[in-house]
**Student:** 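Okay, here's the structure, questions in a sec.
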Amino acid sequence: MYCLSGLGGIKLRRDGVNLKIKELKSDIAHFRDLSITIGAIARETWVEPMGPTPFPSLTTLRSWDRKLLERYKPFYLPFCDLCCLCTYGKCDLTGNKRGACGIGMAAQQSRTVLLAASIGASTHTAHARELVTHLIGKYGRDLPLNVGGLNVEVEAPHMRLVCGMKPEKLSDLEEALDYCEKQVTQLLAVTHTGQEGNNLDFESKVFHAGMIDHVGMEIADLAQISAFDFPKADPESSLIDLGLGSVNINKPVILVIGHNVPPAAEIIDYLREQDLTTEAEVTGICCTAMDMTRYSAKAKIVGPISWQLRYIRSGVPDVIVIDEQCIRADTLQEAMQIKAPVIATSEKNCCGLPDRTLDDPDDIVADLVSGKSSGALIFDPVKVGEVTVRTAIAIAPKRKKHKVLPSVDELIRIAKKCTLCTLCRRACPNDLPVSYAVKAAAQGNLNGLDELYDDCVGCGRCESACPQKIPVHSLIVTAAEKKTAEETFCIRSGRGAIQDIEIRKVGGPIVLGEIPGIVAFVGCANYPKGSREVAELCMEFAKRRYIVCTSGCAAMSAGMYRNDEGKTAYEMYSGSFEAGGIVNVGSCVSNAHISGAAIKIASIFAKKPLRGNYEEIADYVYNRVGAVGVAWGAMSQKAASIAAGFWRLGIPVVVGPHGTKYRRMLLGRSDKEQDWYVYDTRTGKKVYGGPVPEHLFFAAETKEEAMVMIAKLTMRPNDTSKGRAIKLTNYIDLHRRLIGGMPPDMHLLVRKMADIPLTMKEDIEKILQHMKWTEHEIPDPTLLSRMIHTPKEA
Amino acid sequence: MPLAESWQTAEIPGPKKASLIIKPDIADAIIRRAKRPIMVVGYGAVEYEVEGIKLIECLIELAKKGKIPVVVTASTAREFRNRGFSPAALMPAVDIGNRLTDSTWKGLDGKDTYDLAIFVGLPYYMEWTILSGLKHFASALKTMTLDCVYQPNASWSFPNSTIKDWAANLRDIVENLGD
Ligand code: SF4
Ligand code: SF4
Ligand code: SF4
C-alpha cells in the first residue's frame with residue numbers, strides 16, 4: 001500500500017492500481033469508502049484468466065512443497081554442532097539436544113538453509129531493484145520490454161506464473177519487485193529466534209525463497225536486455241574473447257568485477273563517445289563481465305570469480321571498477337599492491353572509500369592518478385564511465401603494469417623459507433598438495449606448483465595460513481606463467497531468453513523423452529578439480545544430444561578448454577536451444593531463462609494455463625520435463641536460492657562435493673517402492689511411476705559420478721518407451737564407461753520391455769530376470785489429485 | 001603435526017569429537033565388537049599407494065577377513081573388480097549416508113540395521129559432512145574412519161599421521177583381524 005502524501009486517506013496499490021478513498025470532500029460531493037480500480041485493468045491486454053495462486057504468500061504452495069519433501073526427505077549434514085544466532089548461545093545441538101529456544105538440529109540446519117536462500121533471493125531482488133530504478137531514470141518508465149521481439153511472446157514466464165502478471169514496460173516490473181521484496185522480508189523474519197521450529201516448514205520456505213529468487217532474476221535480466229539492447233534470444237550471438245591471454249597488455253586496461261552492469265556500460269559508452277574504443281581494453285571477471293559483453297562484443301572476459309587474485313596480481317589492470325556480489329573483500333588491498341585505483345560503485349559494497357559522487361571528475365581523476373587516493377566511491381554510473389576511462393589512460397604509463405607476482409628466481413628464493421609445516425595444505429579448500437610443491441620449488445622444480453594451477457580456486461587461504469608469509473598463490477601463478485599466457489579461449493555472448501519457436505520444436509521430443517534432457521551448467525567456480533571438468537561435462541552432454549545450457553561463471557569455465565582441433569565448446573556446438581546445442585543464456589540473473597524454458601514447455605508446448613498457476617505447471621515440469629541443473633562449483637548463497645527455485649519446479653540439481661556444505665541434500669529412496677506412486681490422470685488410480693527423478697538435490701563425489709547421475713536424473717515418469725530407451729542408453733553407456741559394469745538399478749528404471757534399448761537387450765533382460773522384474777504401466781502422471789480427468793475429459 | 005585437530009584446519013565441528021585410534025588394536029576391537037559392520041570406500045582410496053602396496057588391496061583384505069560388506073562410491077568399483085573382489089553395492093556417498101540415518105533400513109541384504117560404518121577415501125570435507133550427518137541423525141550407529149587424517153565427526157578416527165605410519169597401522173589391523 002502506498003500513501004500518497006497530501007491526499008489523506010487515498011491509498012494506491014500497484015497490483016491492480018486500486019484507489020481507495022476513505023473520505024473525500026469537495027465542492028460538489030462528499031464520498032466515503034470509495035474504491036476505484038484503474039490502471040492495471042485499463043491496460044490489461046492479457047486475456048488468460050487468473051489462476052488460483054497469483055502472488056503466493058509464504059504458505060500458499062506449502063502443500064505442493066510437502067509433496068516433494070515427502071519423496072525427497074532432507075538428509076542433514078550439519079556444518080557445525082552449535083548455534084550462535086542469539087545471546088542464549090552458543091547452544092550445543094548435537095544429536096537430540098535442543099537449544100535454549102527449543103530448536104533441534106534438523107530445524108536449525110533447515111533454518112540455516114533458509115537464511116542462505118533468503119540472502120540469495122534478496123541479493124538478486126536488490127540487484128533487480130537497482131537496475132530497474134537506474135534504467136527507469138535513464139530510459140523512462142514507459143520503455144517497452146523486449147527480450148526477443150516476435151520470437152518471444154512469453155517474455156516473462158516467472159512473472160506470469162508466480163505473479164499472474166504480464167509486464168509490458170519497465171515500470172510494470174516494479175509491481176513484481178514490490179512483491180519479491182515483501183516476500184524476502186517475511187522469509188528472513190522466519191529465521192528469527194522463536195519463529196518456525198519445524199524443519200519441513202523451513203524447507204517449504206526455502207522453496208519459496210527460490211521461487212522468489214527466479215522472479216527477481218527474471219526482472220533484472222528483462223530490464224537490462226530491453227534497455228541495453230543485449231542479444232535478444234539470439235542463438236548466434238557473438239563469440240567473445242575469454243582468458244588472461246586474450247588481454248592486450250600494451251593498452252590501458254580496465255577491469256570490472258561483479259554483477260551490476262550499468263557502470264561497465266557507461267565505461268563502454270564513454271569510450272565510444274570519445275572515440276577511444278581502440279585506446280583501452282575493457283576486461284571483466286564474473287557476471288559483470290558476462291553482461292558487459294552482451295553490451296559490447298569487443299569487451300573481454302578474463303574468467304570466473306576465481307581469477308580475481310591472479311589477474312590483479314599480474315599487474316595488468318590499471319583501474320579496477322567493482323559493483324556488487326562475489327567481489328573479494330580484499331580487492332582494495334590487492335589493488336593497492338599493484339598501484340591500481342579502485343572505483344566502487346554500489347551502495348552494497350563501499351570498501352571504506354570516500355564518496356566522490358558529487359565531486360568534479362577532474363579532481364577525482366587527479367587524485368587517483370597521483371596516488372593521493374587509492375580509490376573512490378562513485379554512485380553515478382555516468383561519472384564512473386568518465387572517471388574510469390580518463391584515469392586508466394592517464395595512469396597506465398605511470399604504473400607500467402606494476403605487478404606483485406615474483407619472477408622465477410624470486411619464487412625459488414622465497415620458497416626456500418618453507419618449513420614444510422603443511423598449514424597451507426590444511427587451509428586449502430581442495431586439500432591440494434601445496435606444501436610439497438613449495439618445497440620442491442625451493443629446489444628449483446616448479447612442476448608441482450604449475451600442476452596446482454589447474455585445480456586452484458584462487459582463494460588465497462594458503463597464504464593467510466603460512467607462518468613464513470610465503471605468497472603461495474602468487475608462486476603458483478608465476479610457475480604457471482606459460483599456461484596463463486595461453487588462456488585464449490572464447491565464449492558465446494549471453495543470448496538471454498529461449499525463443500517460443502525453439503520451445504515448440506523441442507517441447508514434444510523433450511516431454512516424450514526423445515531428446516534425453518536439458519542439462520544446465522550454472523553457478524560459481526568452487527570446483528573440486530578445476531574449470532576443465534565443467535567443459536568436459538558440457539561437451540559430453542552436447543555430444544550425446546542433450547540440450548545444454550550454461551550461465552555465469554560455469555559458462556566461462558565451459559569455454560576454457562580447447563579440444564584436439566583447438567576448438568572450444570562454443571565453437572563446436574550451436575547456440576540454439578536444440579539437441580546438441582550449448583546455449584549460454586548469460587549472467588547469474590539469466591538463469592531465469594533456463595527455468596523459464598521449462599515453464600514455457602508446459603505453457604507453449606502443452607498449452608497449460610500459466611497465469612498464477614504455479615502448482616499445476618510445477619507438477620507438469622516435474623513429471624514430464626527432463627531438466628537437470630548442475631552447479632559443479634556452487635559456492636554462494638545465490639547459488640542456494642537459484643537451486644531452490646529449480647527444486648520448487650521439480651527440477652533436480654546436482655552439485656560438486658563442496659555442495660554438501662550447503663547443509664542438506666534432498667534425496668529420494670529408490671528402494672522404497674511406496675514413495676514413488678503417482679496418480680494416473682486417465683484413471684485416477686495411484687500407480688507406481690518408478691524412482692524418477694531419483695533425487696532433488698544431490699552432491700556428487702567426482703565428475704564421473706556426476707555424469708552418470710545427471711543422465712539418470714533426466715528420466716521422468718512420463719517418458720515414452722522410445723524416450724526412456726534413449727535415456728537408458730545414455731545412462732548405461734556412461735555407467736559402463738565411468739563407473740564400470742551395468743547400473744545396479746535397471747529393474748527400477750525399465751517399466752516395459754519396450755523401454756529396453758535394443759543394443760543392450762540381452763544384458764538387461766538377464767538382469768531383469770534375476771531381479772524377478774515384471775512390467776508395469778506407464779502412467780499419465782501427476783502428484784495432484786485435482787488433475788485427474790473427469791470421465792467427460794477422459 | 002597436531003594429532004587430533006581437523007586436517008582441514010577450519011573444519012571444527014563442536015564439542016563432540018572422534019576418539020583417537022592410537023593403536024591398531026583399538027580398531028580391531030571395534031570391528032570385532034560390531035555385529036553388523038559396513039565399509040564405505042570413496043574414490044580417494046584408489047589413489048593411495050604406500051611402499052608399492054595400494055590402499056585398496058589392504059581394504060579388500062580387511063573386508064574379507066572382517067566379513068564386512070563394502071559399498072563403493074563414484075568410480076571405485078572397477079578397481080575392486082579388477083582385483084577379483086565384488087563390492088556389496090555401488091552407491092553414491094550421500095545415498096549410503098542417507099540410508100544409514102534411517103533406523104528402519106534393514107541394510108543391503110535386507111536383514112538388519114548396521115551398527116558400525118567404516119569410511120575411507122572420500123574427499124576430506126565430504127566425508128566430514130557425511131559423518132556429521134551420521135553423528136547427529138544416526139544415534140544407533142558408530143562410525144570409524146581409516147583415513148590418515150583426523151575426522152572429528154566420526155566416533156573413532158586415526159590421528160593425522162604420515163602415510164607411512166598409517167599404512168603400517170592398517171597392515172596391523174588387517175593382520176590382527178585374522179587372529
Ligand atoms: S537461536 Fe536458539 S539455538 Fe541458536 S543460540 Fe539462540 S537459543 Fe541457542
Ligand atoms: S589459493 Fe589455491 S592452493 Fe591456495 S588455498 Fe586456495 S585453492 Fe588452495
Ligand atoms: S604454510 Fe608456508 S611454510 Fe608451511 S608448508 Fe606451506 S608454504 Fe611452507
Side-chain angles (χ1 to χ4, degrees), chain A residues 73-82 90 92-96 105-106 109 421-423 425-431 461 465 528 656-665 667-672 694-695 697-706 708-709 735 737-741 743-744, chain B residues 1-2 5-17 42-44 72-82 89-95 97-102 104-106 108 110 121-139 149 152-153 160:
Chain A
K73 297 202 171 58
F75 171 30
Y76 292 108
L77 306 153
F79 209 24
C80 179
D81 299 348
L82 311 176
K90 299 179 176 179
D92 174 14
L93 303 179
T94 304
N96 294 324
M105 189 51 115
Q109 292 311 301
C421 70
T422 71
L423 284 172
R425 176 173 188 165
R426 294 182 56 204
C428 176
N430 281 336
D431 196 11
R461 265 172 30 181
H658 285 292
T660 54
K661 298 176 200 166
Y662 278 119
R663 295 170 176 80
R664 67 108 173 77
M665 301 281 106
L667 302 174
R669 285 283 298 275
S670 60
D671 56 325
K672 289 192 166 180
E694 188 176 346
H695 302 304
F697 189 40
F698 173 87
E701 181 186 341
T702 63
K703 174 193 74 181
E704 290 76 17
E705 188 173 273
V708 174
M709 184 53 78
H735 195 282
R737 178 155 67 84
L738 302 171
I739 307 280
Chain B
M1 204 178 337
E5 272 184 14
S6 299
W7 170 248
Q8 291 199 299
T9 325
E11 311 277 347
I12 299 166
K16 190 176 176 190
K17 290 169 70 184
Y43 190 68
V72 290
T73 68
S75 13
T76 320
R78 189 176 276 134
E79 298 291 329
F80 276 91
R81 291 201 189 113
N82 287 348
L90 270 69
M91 209 184 276
V94 290
D95 263 335
N98 186 34
R99 279 165 171 67
L100 287 169
T101 60
D102 176 359
T104 66
W105 186 50
K106 295 287 176 211
L108 299 166
L122 292 171
Y124 182 81
Y125 52 90
M126 194 183 195
E127 196 165 301
W128 194 103
T129 44
I130 290 173
L131 285 166
S132 170
L134 298 176
K135 174 167 98 178
H136 292 285
F137 296 101
S139 52
V149 285
N153 286 321
N160 294 315

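Here is how names work: the chains are called A, B, and so on, in the same order as the sequence lines, proteins then strands, and each is numbered from 1.
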**Student:** Among A:Ala427, A:Pro429, A:Pro744, A:Ala700, which residue forms the greatest number of heavy-atom pairs with chain B at distances under 4.5 Å?
**Tutor:** A:Pro429
**Student:** Counting only non-hydrogen atoms closer than 4.5 Å, does A:Leu667 touch chain B with its backbone (N, CA, C, O), its side chain (CB onward), both, or neither?
**Tutor:** both
**Student:** List the steps and the verdict of salt bridge (charged side-chain N to carboxylate O under 4.0 Å, His left out) for B:Lys135 and A:Asp81.
**Tutor:** CA-CA 10 Å; B:Lys135 174 167 98 178; A:Asp81 299 348; 2.8 Å; yes
**Student:** Who among A:Thr94, A:Val708, A:Thr702, A:Leu738 has the most heavy-atom pairs with chain B under 4.5 Å?
**Tutor:** A:Thr94
**Student:** Would you mind telling me which of B:Asn98, B:Thr101, B:Val72 has the largest number of heavy-atom pairs within less than 4.5 Å of chain A?
**Tutor:** B:Asn98
**Student:** Please classify the contact between B:Phe137 and chain A as side chain, backbone, both or neither, with a heavy-atom cut-off of under 4.5 Å.
**Tutor:** side chain
**Student:** Taking every non-hydrogen pair under 4.5 Å, which of A:Asp431, A:Asn96, A:Leu93 racks up the most with chain B?
**Tutor:** A:Asp431
**Student:** Counting heavy-atom pairs closer than 4.5 Å to chain B, which one of A:Arg664, A:Lys90, A:Glu701 comes out on top?
**Tutor:** A:Glu701
**Student:** List in chain and number order the residues that pass side chain to side chain donor-acceptor pair (under 3.5 Å) with A:Glu705, two or more places apart in sequence or in another chain; answer none if no residue qualifies.
**Tutor:** none
**Student:** Counting heavy-atom pairs closer than 4.5 Å to chain B, which one of A:Lys703, A:His735, A:His695, A:Met709 comes out on top?
**Tutor:** A:His695
**Student:** Can you tell me which of A:Gln109, A:Met665, A:Arg669, A:Glu694 forms the most heavy-atom pairs within a distance under 4.5 Å of chain B?
**Tutor:** A:Arg669
**Student:** So which of B:Gly42, B:Ala74, B:Ser139 has the biggest tally of heavy-atom pairs under 4.5 Å with chain A?
**Tutor:** B:Ala74
**Student:** Evaluate the side-chain contact (heavy atoms from CB on, under 4.5 Å) criterion for residues A:Tyr76 and A:Arg663: first the C-alpha distance (whole Å), next the side-chain angles of each, then the deciding distance (0.1 Å), finally the verdict.
**Tutor:** CA-CA 6 Å; A:Tyr76 292 108; A:Arg663 295 170 176 80; 5.8 Å; no
**Student:** Would you say B:Ser132's side chain and A:Phe79's backbone share a donor-acceptor pair under 3.5 angstrom?
**Tutor:** no
**Student:** Relative to chain A, which segment of B:Thr76 carries a heavy atom at a distance below 4.5 Å: side chain, backbone, both, or neither?
**Tutor:** neither
**Student:** Could you tell me whether the side chain of A:Pro74 reaches within less than 4.5 Å of the side chain of A:Phe697, counting heavy atoms only?
**Tutor:** no
**Student:** Using only atom types and a distance under 3.5 Å, with no angle test, would you say the side chain of B:Trp128 pairs donor to acceptor with the backbone of B:Glu11?
**Tutor:** yes
**Student:** Checking heavy atoms, do the side chain of A:Cys428, its backbone, both or neither come under 4.5 Å from chain B?
**Tutor:** backbone
**Student:** Which atoms of B:Arg99 are under 4.5 Å from chain A, going by heavy atoms: the side chain, the backbone, both sets, or neither?
**Tutor:** both
**Student:** Would you check if the side chain of B:Thr73 reaches a backbone N or O of B:Ala93 as a donor-acceptor pair within less than 3.5 Å?
**Tutor:** no
**Student:** With sequence neighbours left out, write down each residue that passes side chain to side chain donor-acceptor pair (under 3.5 Å) with B:Thr129, or none if nothing qualifies.
**Tutor:** A:Thr660
**Student:** Please tell me whether A:His658 and A:Asn430 have a donor and an acceptor in their side chains that are separated by less than 3.5 angstrom.
**Tutor:** yes
**Student:** Quick one: of B:Ala10, B:Ala138, B:Gly97, who has the most non-hydrogen atom pairs under 4.5 Å with chain A?
**Tutor:** B:Gly97
